[in-house]
Amino acid sequence: MLVADRIDLHYGAAQALWGVSLTAEPGKVTCVLGRNGVGKSSLLRGIVGHHPISGGSLSWEGEDLGSLPPFERARRGIAYVPQGREIFPLLTVRENLLTGFAALPRAQRSLPDTLFELFPVLDAMMDRRGGDLSGGQQQQLAIARALVTRPRLLILDEPTEGIQPSIIKDIGNAIRFLRASGGMAHPAGRAVPGIRARARGQRVGARPGARGGVGDPRGDLAVDLERHMAV
Amino acid sequence: MARAMPLGLGRSGIAFLVIVAAAGVLVPFLNLATPVDSPWHVPTTTVVLFGKYLCFALLALSIDLVWGYCGILSLGHGAFFALGGYAMGMHLMREIGSRGVYGNPVLPDFMVFLNWKELPWYWYGFDQFWFAAIMALLVPGALAFVFGAFAFRSRVTGVYLSIITQAMTFALMLAFFRNDMGLGGNNGLTDFKDVLGFDLQQNATRCGLFALSAAALAAGFLVCRAIVSSKLGKVLVAVRDAESRTRFIGYRVEHFKLFVFTVSAMMAGLAGALYVPQVGIINPGEFAPANSIEAVIWVAVGGRGTLVGAALGARGRQRRQELVHRGASRALAVRARRAVHFRHAVPAEGAARPGRYPPRQAPGAAGGDAGPARNGR
Amino acid sequence: QETIKVGILHSLSGTMAISETTLKDVMLMLIEQQNAKGGLLGKKLEAVVVDPASNWPLFAEKARELIAGEKVAAVFGCWTSVSRKSVLPVFEELNSLLFYPVQYEGEESQRNVFYTGAAPNQQAIPAVDYLRDVEGVTRWVLAGTDYVYPRTTNKILETYLKDSGVPAEDIMINYTPFGHSDWQTIVAEIKKFGSAGKKTAVVSTINGDANVPFYKELANQGIKAEDIPVVAFSVGEEELAGIDTGPLVGHLAAWNYFMSVEAPENAEFIKAWQAFTKNDKRVSNDPMEAHYIGFNMWVKAVEKAGTIDPDAVIDAIVGVAVPNLTGGYSAMMPNHHITKPVLIGEIQGNGQFDVVWKTSGLVVGDEWSDFLPDSKPLIADWRKPMSCGNFNTVTGKCGGKGT
Amino acid sequence: MATGPSLGTVLRRGLVAFALLMGLALPVAADTDSLSARITALATGDFATKEAIIVELAATGDAAAVPALRALGDGDLQIRKADRKVIIAVRDGNRLTAVDPVTGADLGAVESGALERIRVNNNLRRALRAAVGSLTLLSKDVTVRRLAAESVFKSLDPTALETLDQAIQVETDERVRRLMVQARAAAILQTDRPEAEKLEAVAIIADRGDQDARGVLSAVAASSEGEVKDKALASIALIEQSLAMWEAGQNIWYGISLGSVLLLAAIGLAITFGVMGVINMAHGEMVMIGAYVTFAVQEVIRTSAPWLFDASLLIALPLAFLTAGAVGVAIERGIIRWLYGRPLETLLATWGLSLVLQQAVRSIFGPSNREVGAPSWMSGAFELGGLTLTYGRAWIIVFAIMVFALLVVVLKRTAFGLQMRAVTQNRRMASSMGIRTTWVDAMTFGLGSGIAGIAGVALSQIDNVSPNLGQSYIIDSFMVVVFGGVGNLWGTLVGALTLGVVNKFLEPYAGAVLGKILVLVFIILFIQKRPRGMFALKGRAVES
Amino acid sequence: MTELVNSLLYLDGVTVSFDGFRALNNLSMVVARGEMRAIIGPNGAGKTTMMDVITGKTRPDKGDVLFDGSHDLTKLDEAAIAELGIGRKFQRPTVFDSHTVLDNILLALKGPRGVFASLFARLTGDERDRIDTVLATIRLTDRRHELAGRLSHGQKQWLEIGMLLAQDPALLLVDEPAAGMTDAETAETAALLRRIAETHSVVVVEHDMTFVRDLGVRVTVLHEGSVLAEGSLDQVSADDRVIEVYLGR
Ligand SMILES: Nc1ncnc2c1ncn2[C@@H]1O[C@H](COP(=O)(O)OP(=O)(O)OP(=O)(O)O)[C@@H](O)[C@H]1O
Ligand SMILES: Nc1ncnc2c1ncn2[C@@H]1O[C@H](COP(=O)(O)OP(=O)(O)OP(=O)(O)O)[C@@H](O)[C@H]1O
Ligand SMILES: [Mg+2]
Ligand SMILES: [Mg+2]
């Protein structure tokens, strides 16, 4: 279980998160919703350790994540699909996937079979450089790369951006499948069409200048929420 | 707020100009008008030294213009500086006339003893000061223009550009080392007597050159200021940030780059032309890639993209070099000191002044006056 | 207590540190020895060391600092010609003394400078004479680094050789850049040039660091001194210390001093030097001897003049003779160059030179070469009333051509 | 060291004795008395006198003189000051033993101070070579005979003709025999034998077809007339033709060898700069550190384990890698890691560092060059057709290729290589994939530096070992990496070789200085054509 | 031929391959003056590549690309094409990080692009107004002085749209404008584009079918580098092949 308690986060002098709390339980999908610039990505960056949090606490499976470097978090089963893909442009697709092995014990170092069922295009392009892929292909690669680490907590920031509708459906199915097969929590960025209808979980909100918190969606954030959940 | 300033000067800019102007007036005055033993007296050594720094500052400024504002890391700016210096040196050489050791009225001494029969064509005209002065700007400018026109059109960028500028200055260094070049080979041009009829060994001349250098620095600063605070300056920063994006909104990146590169080269040439009469020698060593790198480093120390910083950085340079060298040679020195009681003829405060590193932390935390923040690209 | 300051202007960092640092140490030793003898004019000497860091303009700056700031009585320093050229105007303007200890291309005589190293006629010409007369060389390779000293020297040698009847096709001139490190092609060319059925030799004015790879390549390509001897003017004991000399035995160098010379003064000097540096393997070399001579001349001249005033010393020093390290005396001539013996040494397996030939007497340094047309009529004489560095004997005027 | 004669001494003494025995076993009776009288006479007299004695000794044909002559050439023939007796000094480490030059008898240990060397000059060396050559033509050892034949060929000494004839009669080894025939022909050309014989000799020499042959023939052409001269001239023309052909091959070899030096110097930079993107101005100093490690290793070996000398480089390799690598790791941990993504500050820091390292080395080892010797397997040259290839260069080529191959394997085939590339492309994201970025960064920089260090071991063989060593390679290294294409190892390989070959083909025509300038201009122009180097990466991947 | 005359953008037989892989395969398409066209298609169909070809970033191996009937875009470089009046929003937002939001717009603002023109340029009142309008449209007015590098992903997306508006080109190429926007914003964007399309030609690429439906324009479906189907959204979404490769069942 991931517990974030009253997290603050600063970019230089500017504060982006104001005491945000969140809990992500195993086997559930947790969504973080909000409009542009509200701090969704910042929260996820704080969780994976890409940006230091400046206040509050963060624990995973009872362990305080504190100031653990990102790779330690990855080795504890937290995988991250960032906004903007951030694949390794000069590595081939295969090599991009293989980087995930670093987080695994030697015995588990193999590519999950489901990977290519989910993203057949990657299979066809194993030896193409990641940076040469189209935007949507890169996004698929980013998700696949995170899955290689066999995470127990998968963090997706706007995961379906740029992906074609048919695959978004598959991803939705896959995530539900993974959740059902146990042990995975999925805080995701704002829900996107594919998962939107099916996302059932805790709702977390944050907004600039105001305290955000679990189950405390207020103001413009609430409007968003309603719209999202209305489908 | 770190946005580029409108055509005004900004506080640090004005302060800088005031300091330069004050130095340009005061230093010569205190050197010439006060008696040697007065506490107010500025020794000639200092005038020469500071005059040199002013020239370096102008060079640093020119580099900052292309690097700080346009992202062109030129490791060959020393070449433009040296070319300007050679243009002036050639004039000073011609000024010697028949006062050379062989008394040849036309040929400089080094040509006489290497048996040259007549003056090579490229020396023509340099007996005129105005010609040399124009050449000091024109030759570096033309080289930069041609070099830049090729490189920028071919979209040579980043380290590739840096390294070919380095190749350029290295090639020029080797060429100028060649005695066949007719420019004095390794020894370069020396033994200057006077400029425009003023004896170079007179303090008044030195002070004049000092004031001139200060004026050139101030003028250079204003030119740079005008460029970077215009819309052109914004385009330059845009090029630095995302070159191809700038193209897609319709700017011909290569023209902009070429423009600043050429202007910058001419400024470096001017710096060189002022430098040579003050230090009394120009030789191919000035083309050495290390010199250019050093010059770039003054900019780093002063703060990239802050014109004032660049100019100030140049001052710290010599100190730092001495520090580095001495730091490690202390062991030697201690051994020697035990043998004879001698002391280093360096100011005691030499050890106290570290270079000014701009402490930049997390992205976004930077700021500074005129310095656009840099995001690792 | 008041002291007399002596400036030491040698690069302790940068590319020239490799050669110049030693000279600084020698000066410190000489000053210490002089102080042990009671100093000069009843005062202790004090060394003021500055580091011009192999940067030519910095030489001028540091020189000014020494003379104007530190008020030193004399400066010992410089190695490269360009550093000397850079400081010349400063010494002239501030009227001070510079002792310059390195062999150089000549073509200069300045009132404030004393040239204690060799002029071309004290090194290059005797070496060529030796090769021609003793080894029977008839074909010549003049190989040098492309800068003024080799250019001038080779110009002089070329004229000299041609005057003595060597046809142009038997002279090959080759220049390389500073720090040249890949000698394969050039050594092969030399080998080829040398296989024309005539006895061939290489006269090397290759400078500094380039020598080590040059000799290593010579050794590797198996050029033996018996076949094509190389005589060098810039390779001394210090340089050899960096090379395995086994395969180079027999190659030559021309100097005015070798560490291996057997003379009581030399033995004493080496002993003192090795004690001073606390290293019994430290070698001595020619420029060190030059400083030794120069320093002693200055001391003697100051004693003679009774003052450190530069003008008085300049007047007093001409004619002063002091022992050199090869068992004779060297004297300061009116042209501010000194008299020296010329020695030819062969490289030995132990990194030393074995003197195989020596001029019968002392050779006077010739500031204006007789083998350059424009220099031929010039002479220098700093004694009053002439007091001129470039007196034209044809026109009878001071100042070159004296238009 | 233990006292008593060491193994080396025993061996050497044995060698002398053996040589003497061989000499004595020859058919010519030894006139010991006149021999030792002559040898003693070598101690006095000037160079001309000594030369005369050597010629006399050679003329006697008495091979017993050989050890003494050899010792004279090697500077081991010395005078014992106490009794002015001429002895051969056999050195082992710091011990000297005197051996009788004629009998080979052990005369006991001596102090080097008690001896005075008999001086030789180049003329004497030449005479000695000729003398020893003609005296050993009949030796039992094939190698000795071969060397003798070669010496005689070089000395063009007509007095050796008689012995040569004799030797050719009994020679069994075909190669040596041919050499002897050639030596005989060369000698004949110095005599005034009949033209027919001379013509035949010219033909024999012309057959040899190398530079030495050209030398001999040129001399003949200059000194003779008529048919001999014509034939000689014709042969020279032929030889020159074939030499010119070989010259192209020779240039390629030089080019590759220069290229491999460039490759070695640049290859570490291909990692720190090419892969990591750090403008590493201290790279050259890593090379220098490697060279100094070699020096240190040889120094230790020289003083305490001389028999290991031939292995010194092999020992130095891992040490240089570790030392330079450790320095690299320290630099990365201490400085570079704070500066990722800030090229200018990195440039500043590493440049300052390079000065500090230089000065540090200057303080520790002194400013002057240090001697690094070549192990025997790296000295000398061998012939391949008309090419003269030096062992040192050949090994460096092999070595450079090996290092390169190793690096390619590490980078492309190992998990570490993959992590290294991932980290340098996106440090944060790599960390989120579970890669220990800090460790990988340090190791990568360490690897680059370590490789530079082992390059230093190789470069110590051909260049100065001085604090400035690194400076002379840094610019070239950057050129190579950039020319080949940053981030592409194969580019570095091909770039280095191309620049090497181009340089070596230009050099004979343009001269070394202009050649170098032209190469730089070539690079500048080339970059205009291919703005991202020879092996440019293309496509979107590069732009993002 | 009439097609050519009436068209603003004319692609014919365009082929682009990367190391043998055909990203565009004999693609032909015409966009008329004042038309808005939506382009959909599976990931890797070549949509972005097509925009690269039009804007001069990628040179086609063969085929013609004509603008306004007479300008051969394959012969021009990026800046020249931009000056002809073709503006582009990238799939991945790219803005000038170390410029403020305001300066980003200012740089994109329509006007002379020469070196000396820029050196002596002064901001007129008109231009100021236009900038304000654009800023209001993209709702970044209160962050106008902030560095663009400090914006969130979605805000950069908006800023890029703003730059495109400021540039005011004749033809707008918009690559995935709705990615990372909320539904409300998505709808607004669609409205904005419809408004623009009244006076400009627009080519939009999107994967969000709701958005495409909102646009209500002719849709071209690309697949493996060539046109698979063309027509209204309802028409193409009924196409079996489109469902097969793109929409999914
Ligand atoms: N330099 C390259 N080398 C190899 N393949 C490339 C290169 N550039 C693009 N491609 C391939 O070309 C195809 C077309 O890419 P493009 O970006 O045009 O697709 P797209 O239609 O925009 O897809 P998306 O909807 O995912 O953005 C992709 O399969 C991509 O992998
Ligand atoms: N690197 C940065 N430096 C400074 N400020 C930043 C930085 N990144 C984000 N911010 C600011 O922090 C706030 C939150 O940004 P964040 O990226 O978390 O938003 P978001 O909710 O993910 O928005 P979007 O939906 O657009 O992705 C924004 O106001 C943004 O301007
Ligand atoms: Mg976000
Ligand atoms: Mg796309």
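Since the model is a prediction, treat every value here as computed from it, not as a measurement. Order of the sequence lines sets the chain letters (A, B, ...), proteins ahead of strands, with each chain counted from 1.
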Roughly how far apart are [X] [atom1] and [Y] [atom2], rounded to 0.5 Å?
{"X": "C/T80", "Y": "B/N187", "atom1": "OG1", "atom2": "CG", "result": "8.0 Å"}
{"X": "C/W56", "Y": "B/I281", "atom1": "CH2", "atom2": "CD1", "result": "9.0 Å"}
{"X": "C/D374", "Y": "B/Y102", "atom1": "CG", "atom2": "OH", "result": "7.5 Å"}
{"X": "B/N283", "Y": "C/S81", "atom1": "CG", "atom2": "OG", "result": "11.5 Å"}
{"X": "C/R151", "Y": "B/F110", "atom1": "CZ", "atom2": "CZ", "result": "12.5 Å"}
{"X": "C/L58", "Y": "B/K52", "atom1": "CG", "atom2": "NZ", "result": "5.0 Å"}

Worksheet item: Is the side chain of C/N390 donor-acceptor paired with the backbone N or O of B/V101 at a distance under 3.5 Å, no angle test?
Response: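 Pair found, side chain donor or acceptor close to backbone of B/V101.
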Worksheet item: Based on non-hydrogen pairs under 4.5 Å, which of B/N179, B/D109, B/L174 is most in contact with chain C?
Response: B/N179
Worksheet item: What pair of heavy atoms forms the shortest contact from B/T44 to C/R64, and how long is it?
Response: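 Heavy atoms only, the tightest pair is CG2-NH1, 4.0 Å.
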Does the side chain of [X] reach to within under 4.5 Å of the side chain of [Y], using non-hydrogen atoms?
{"X": "B/T190", "Y": "C/L88", "answer": "no"}
{"X": "B/E286", "Y": "C/P57", "answer": "yes"}
{"X": "B/L49", "Y": "C/E61", "answer": "yes"}

Worksheet entry | Residue B/Y275 versus chain C: region with a heavy atom under 4.5 Å | side chain
Worksheet entry | Residue selection (most heavy-atom pairs with chain B, distance under 4.5 Å) from C/V90, C/V6, C/V148, C/I8 | C/V148
Counting only heavy atoms closer than 4.5 Å, note whether [X] contacts chain B via side chain, backbone, both or neither.
{"X": "C/K85", "value": "both"}
{"X": "C/P89", "value": "both"}
{"X": "C/E108", "value": "neither"}

Worksheet entry | C/E93 bridged to B/R206 by N-O distance under 4.0 Å | yes
